[in-house]
Amino acid sequence: MTGRRFLLATRSAGKLRELREIFSGFGLDVVDPAALGIAESAAEEDLERYDTFEGNALAKARYFFEISGGLPTFGDDSGMCVDALGGEPGVYSKRWSGGDGLTGREIDDANNAKLVARMQDALERDPARFTDAARYVSVAAFKDSGGEVVRRGEIEGRVLTNPRGTGGFGYDPYFEAPELGGTFAESTIEKTAASSHRARAFRALLNALRAEGRV
């Protein structure tokens with residue numbers, strides 16, 4: 001189904017670059033909240049209040065579907081789950097460090113500083129059992145007048161304590177994935193859009209929706 005316009009429920013420039021690459025492969029016309037003139041509000045800060053990626057992704061899709069006047073909407077939630085930290089930061093990845101009053105790169109820097117400190121502490125406490133294994137997890141959700149659909153994607157890797165690369169955002173300089181041949185921050189947008197956790201979640205979702213004739 002072509003000719004329809006879809007809303008991507010994110011204000012993250014990094015996510016938008018990756019998602020536009022994915023959606024272009026499906027020939028879909030997508031817009032973001034800013035392009036529609038949807039002003040950022042305090043209500044958006046409360047959308048990620050659930051304890052699952054699925055809950056947060058659906059909350060975003062539902063909120064922007066309503067505020068846009070019923071435009072078919074995609075939302076997502078993602079994070080890094082580190083084995084040595086018992087799965088943290090998980091769904092709290094975005095503001096794991098607290099981040100009150102911080103924005104953009106400042107939040108990333110605070111989160112990454114906490115990550116390095118926690119990993120070093122885990123190594124010192126139990127070096128024999130220490131592991132740097134981790135995974136990036138993403139859940140993509142869709143809402144339109146016909147209902148809701150959710151899909152999940154993951155990519156395995158390991159946590160670094162010294163960053164590599166200048167691209168990406170969030171924990172990308174500290175997450176190395178064999179399938180990308182380096183960290184997410186070292187990857188090209190084309191490679192990330194083909195193999196990342198977010199790419200896997202959205203491609204699975206888009207394929208499911210296309211099979212149903214909804215996109």
Side-chain angles (χ1 to χ4, degrees), residues 5-20 22-23 30-82 85-118 134-144 148-154 168-175 184-185 196-199 201-202 205:
R5 197 164 56 154
F6 300 89
L7 174 61
L8 298 179
T10 182
R11 297 187 186 275
S12 166
K15 280 188 182 182
L16 285 171
R17 282 193 296 272
E18 182 180 345
L19 291 176
R20 289 186 188 284
I22 295 167
F23 276 79
V30 295
V31 294
D32 61 89
L36 290 180
I38 299 175
E40 192 166 0
S41 71
E44 294 177 30
E45 293 297 316
D46 296 327
L47 295 177
E48 295 184 358
R49 65 181 183 275
Y50 298 94
D51 59 3
T52 66
F53 293 111
E54 287 80 4
N56 289 335
L58 281 168
K60 295 174 189 178
R62 290 165 180 166
Y63 174 83
F64 282 99
F65 174 78
E66 294 297 332
I67 203 169
S68 69
L71 198 63
T73 302
F74 291 89
D76 83 293
D77 190 38
S78 57
M80 183 170 64
C81 301
V82 183
L85 306 183
E88 290 187 62
V91 294
Y92 306 107
S93 291
K94 184 178 179 180
R95 294 188 179 276
W96 190 36
S97 61
D100 294 338
L102 301 182
T103 59
R105 181 63 66 179
E106 294 175 325
I107 295 174
D108 291 347
D109 290 345
N111 285 335
N112 286 321
K114 181 174 182 177
L115 173 67
V116 171
R118 288 285 302 276
R135 67 201 54 80
Y136 259 158
V137 178
S138 176
V139 169
F142 176 76
K143 179 174 177 59
D144 66 2
E148 301 171 345
V149 183
V150 175
R151 290 293 184 273
R152 185 183 182 97
E154 299 186 10
F169 61 99
Y171 302 95
D172 286 354
Y174 293 86
F175 187 85
F184 269 68
S196 75
H197 54 307
R198 193 171 294 111
F202 272 93
L205 179 58

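Here, residue 1 is the first one in the sequence, and each next residue gets the next number. Just so you know, these numbers come straight off a predicted model, no measurement behind them.
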Under the ring-ring contact (aromatic ring centres under 6.0 Å, His included) rule, collect the residues that match up with Y171, sequence neighbours excluded.
none

Inter-residue atom distance L7.CG - K143.NZ, 0.5 Å rounding:
13.0 Å

Hey, what do you get for CD (E54) to CD (E148), rounding to the nearest 0.5 Å?
12.5 Å

CD1 of I67 to CG of L36, rounded to nearest 0.5 Å, is 10.5 Å

Given salt bridge (charged side-chain N to carboxylate O under 4.0 Å, His left out), test K114 with E88 step by step and report yes or no.
CA-CA 11 Å; K114 181 174 182 177; E88 290 187 62; 5.3 Å; no

Nearest heavy-atom neighbours spanning F53 and G90:
CZ-C, 3.6 Å

Counting distance only, does the side-chain N/O of N56 pair as donor-acceptor with the main-chain N or O of D77 below 3.5 Å?
no

I'd like to check V150 versus F142 (side-chain heavy atoms, cut-off strictly below 4.5 Å). Are they in contact?
no

What orientation do F202 and F74 show, parallel under 30°, tilted 30 to 60°, or perpendicular over 60°?
tilted

Decide yes or no for F64 and T10: does some side-chain heavy atom of the first lie under 4.5 Å from some side-chain heavy atom of the second?
no

Passing candidate, salt bridge (charged side-chain N to carboxylate O under 4.0 Å, His left out) with D76, options K15, R151, K60:
K15

Does a donor on one side chain sit under 3.5 Å from an acceptor on the other, for D172 and Y136?
yes

Separation of D108 CG from S97 OG (nearest 0.5 Å):
9.5 Å

Of R11, R5, R20, which meets salt bridge (charged side-chain N to carboxylate O under 4.0 Å, His left out) against D32?
R20

Start with the C-alpha distance between L19 and V30, add both sets of side-chain angles, then the distance that settles side chain to side chain contact (heavy atoms under 4.5 Å, CB included), and finish with yes or no.
CA-CA 9 Å; L19 291 176; V30 295; over 6 Å; no

Please round to the nearest 0.5 Å and tell me the distance separating atom CG of D46 and atom OH of Y63.
9.5 Å

Side chain to side chain contact (heavy atoms under 4.5 Å, CB included) between S138 and R152: does it pass, once the steps are laid out?
CA-CA 6 Å; S138 176; R152 185 183 182 97; over 6 Å; no

R118 atom CZ: more than 12 heavy-atom contacts under 6.0 Å
yes

Measuring from atom CZ of F6 to atom OG of S68, what distance do you get when rounded to the nearest 0.5 angstrom?
12.0 Å

For the pair T73 (side chain) and L71 (backbone), establish whether a donor and an acceptor sit closer than 3.5 Å, ignoring hydrogens and angles.
yes

Could you pull out the closest heavy-atom pair between R95 and I107, with the gap in Å?
NH1-CD1, 3.4 Å

Write down the atom of A61, the atom of G75, and the distance for their closest heavy-atom approach.
CB-N, 4.0 Å

With sequence neighbours excluded, tell me which residues meet side-chain contact (heavy atoms from CB on, under 4.5 Å) with R135.
C81, D83, V137, E154, E156

Residue pair L85, W96: steps toward the side chain to side chain contact (heavy atoms under 4.5 Å, CB included) verdict:
CA-CA 12 Å; L85 306 183; W96 190 36; 3.7 Å; yes

Is there a side-chain contact between P89 and V82 in this structure, where contact means two heavy atoms from C-beta onward sitting under 4.5 Å apart?
yes

Does the ring center of F184 lie less than 6.0 Å from the ring center of H197?
yes

For R105, does the CZ atom sit with more than 12 other heavy atoms under 6.0 Å from it, leaving out its own atoms?
no

Between A39 and E44, the two heavy atoms sitting closest are O-OE2, 3.8 Å

Dump the intermediate steps for side chain to side chain contact (heavy atoms under 4.5 Å, CB included) on L115 and M80, then the final yes or no.
CA-CA 10 Å; L115 173 67; M80 183 170 64; 3.6 Å; yes

